[in-house]
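Numbering of ligands and ligand atoms starts at 1, following listing order.
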Amino acid sequence: MTAVPDDPDDPALIAAKRALRAELRRRRDARPAERRGADDRARADVLLTRLELAGPACIAGYLSAGSEPGTLAIVHRLAGRGFEVLLPASRDGAWAEPAWARYSGPDELQLGPRAISEPRGDRLPAEAVARAQVVLCPGLAGTARGERLGRGGGWYDRVLPLVTGTRVLLLNDDEVLEALPVGPLDARVDAIVTPTAFRECRA
Ligand SMILES: Nc1nc2c(c(=O)[nH]1)N(C=O)[C@@H](CNc1ccc(C(=O)N[C@@H](CCC(=O)O)C(=O)O)cc1)CN2
Ligand SMILES: Nc1ncnc2c1ncn2[C@@H]1O[C@H](COP(=O)(O)OP(=O)(O)OP(=O)(O)O)[C@@H](O)[C@H]1O
């Protein structure tokens, strides 16, 4: 098959994404635990200052795993403030077709596929994300134009077009890059939150 520039499965695009993911992942894994903890607290402060000003509502988040920017404290705190919190939920033992479930406390979580925690409760369809005023997205890197590099499942590329609220990518400061390999299906975000800033993105 001949690769064309707007082919989402262009082998050169896939190879470029894979190489960059591996490098970013190595950098994340090398961050000392104290540094991660301090960054998570700073990022939560930047984000919660913004969100709590707007008052209780619905937010779609994610449950961080491993060296990803941490979200557990953010999710717990927003739920405690009366926010309805939607979280990614696996279906049939896999992260294939997106679905959501409501957060109802740490005791109602279970370990899902790929060592990512998820709520035990009822599944809501992918379109339920339209209820959320804010959607927190995981990713390995982003740009000031709102481009995003995910972990390679296309889960958020399917979800982001259904979002009516603000799409916010959580990153470390050194993961906001000048450019990223992007294809036609890669969805953009509206803002990036790092430990030092809430940055609005401009396409
Ligand atoms: N915490 C968290 N929850 C999430 C995501 C995420 O990135 N982080 N997702 C985001 O979509 C969805 C799940 N999709 C996932 C897709 C791939 C991998 C994964 O482990 N990927 C391999 C690399 C695979 C490859 O290179 O082809 C890895 O990162 O080691 C994990 C989750 C929904 N929930
Ligand atoms: N909207 C979509 N509908 C169907 N397939 C899609 C869609 N978006 C992406 N894909 C497919 O999903 C696969 C992974 O895409 P990509 O590498 O861009 O994922 P990612 O953005 O890094 O991951 P994620 O969104 O899960 O964090 C590719 O084969 C891509 O063609």
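Counting only heavy atoms of the protein, atom 25 (C) of ligand 1 lies nearest to Arg151 O, 4.0 Å. Protein heavy atom closest to atom 9 (N) of ligand 1, with residue, atom name and distance, is Tyr156 CE1, 3.9 Å. What sits closest to atom 3 (N) of ligand 2 on the protein, heavy atoms only, is Arg158 CG, 3.8 Å. Protein heavy atom closest to atom 4 (C) of ligand 1, with residue, atom name and distance, is Ile116 CD1, 3.9 Å. Atom 10 (N) of ligand 2 has its closest protein heavy atom at Leu185 CD1, 3.8 Å. Here the heavy atom of the protein found nearest to atom 8 (N) of ligand 1 is Glu68 OE2, 2.8 Å. The protein heavy atom nearest to atom 27 (O) of ligand 2 is Arg148 NH2, 2.6 Å. Closest protein heavy atom to atom 25 (O) of ligand 2: Tyr156 N, 3.0 Å. Among protein heavy atoms, atom 6 (C) of ligand 1 sits closest to Pro138 CG, 3.5 Å. Atom 21 (O) of ligand 2 has its closest protein heavy atom at Asp157 OD2, 2.7 Å.
Counting atoms of ligand 1 from 1 in the listed order, those under 4.0 Å from a heavy atom of Arg25 are 28 (C), 29 (O), 30 (O). Close approach of ligand 1 to Pro88 is summarised as follows: ligand atoms under 4.0 Å from at least one heavy atom of the residue are 33 (C), 34 (N). Of all atoms in ligand 2, listed by their number and element, those nearer than 4.0 Å to a heavy atom of Gly152 are 14 (C), 17 (O), 19 (O), 20 (P), 22 (O), 23 (O). Taking every heavy atom of Arg151 and a limit of under 4.0 angstrom, the matching atoms of ligand 2 come to 22 (O), 23 (O), 27 (O). Every atom of ligand 1 with a heavy atom of Leu63 under 4.0 Å away is listed here by number and element: 1 (N), 2 (C). Within ligand 2, the atoms closer than 4.0 Å to a non-hydrogen atom of Asp186 are 18 (O), numbered from 1 in the order shown. The atoms of ligand 2 that sit less than 4.0 Å from any heavy atom of Gly153 are 12 (O), 14 (C), 19 (O), 23 (O), 26 (O). Every atom of ligand 1 is numbered from 1 in the order shown, and the set under 4.0 Å from a heavy atom of Tyr62 is 1 (N), 2 (C).
Considering Arg114, Arg18, Lys17, Arg21 only, the shortest heavy-atom separation from atom 19 (C) of ligand 1 involves Arg114. Among Glu97, Arg21, Lys17, the residue whose heavy atom lies closest to atom 22 (O) of ligand 2 is Arg21.
Here CG of Leu48 is found 8.0 Å from CZ of Arg81. Values are rounded to the nearest 0.5 Å. To the nearest 0.5 Å, the span separating CG on Leu136 from CG on Leu51 amounts to 7.0 Å. Separation of atoms CG (Leu86) and CZ (Arg102) is listed at 6.5 Å; rounding is to 0.5 Å. Taking OH from Tyr156 and CZ from Arg151, the interatomic distance works out to 11.0 Å, rounded to the nearest 0.5 Å.
With a 4.0 Å cut-off on non-hydrogen atoms, Asp9 touches ligand 2 through its side chain and not its backbone.
Glu147 and Thr143 share a donor-acceptor pair across their side chains, judged by distance under 3.5 Å alone. One side chain, Arg43 or Asn172, offers a donor N or O that lies under 3.5 Å from an acceptor on the other.
Evaluation of the side-chain hydrogen bond (donor to acceptor under 3.5 Å, both in side chains) rule for Thr196 yields Asp173, Thr194 as partners, not counting sequence neighbours.
Considering backbone and side-chain N/O of Trp155, none are found under 3.5 Å from N/O of ligand 1. Residue-to-ligand polar distances keep Trp95 apart from ligand 1: every N/O pair is separated by 3.5 Å or more. Below 3.5 Å of separation, one finds no N or O of Gly153 facing any N or O of ligand 1. The shortest N or O to N or O distance between Gly154 and ligand 2 is under 3.5 Å.
One N or O on the side chain of Arg21 and one on the backbone of Gly150 form a donor-acceptor pair closer than 3.5 Å. Put simply, the side chain of Arg131 never gets that close to the backbone of Ile59: no donor and acceptor are under 3.5 Å apart. In terms of modelled atom types and a separation under 3.5 Å, the side chain of Arg36 and the main chain of Asp29 share a donor-acceptor contact. Side-chain atoms of Arg123 come within 3.5 Å of backbone N or O of Gly121 as a donor-acceptor pair. Counting only distance, with no hydrogens or angles, the side chain of Gln133 and the backbone of Gly165 share no donor-acceptor pair below 3.5 Å.
For the side chain to side chain contact (heavy atoms under 4.5 Å, CB included) with Arg148, the qualifying choice from Leu140, Asp157, Ile192 is Asp157, the only one to do so.
Under the 4.5 Å side-chain criterion, counting only non-hydrogen atoms from C-beta, Tyr62 is in contact with Glu68.
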Quick one, Arg28 with Glu175, criterion salt bridge (Lys or Arg N to Asp or Glu O under 4.0 Å). Give me CA distance, side-chain angles, the key distance, then yes/no. CA-CA 10 Å; Arg28 272 192 182 173; Glu175 294 161 353; 2.9 Å; yes

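For atom 27 (O) of ligand 1, the nearest protein heavy atom is 4.0 Å or more away.
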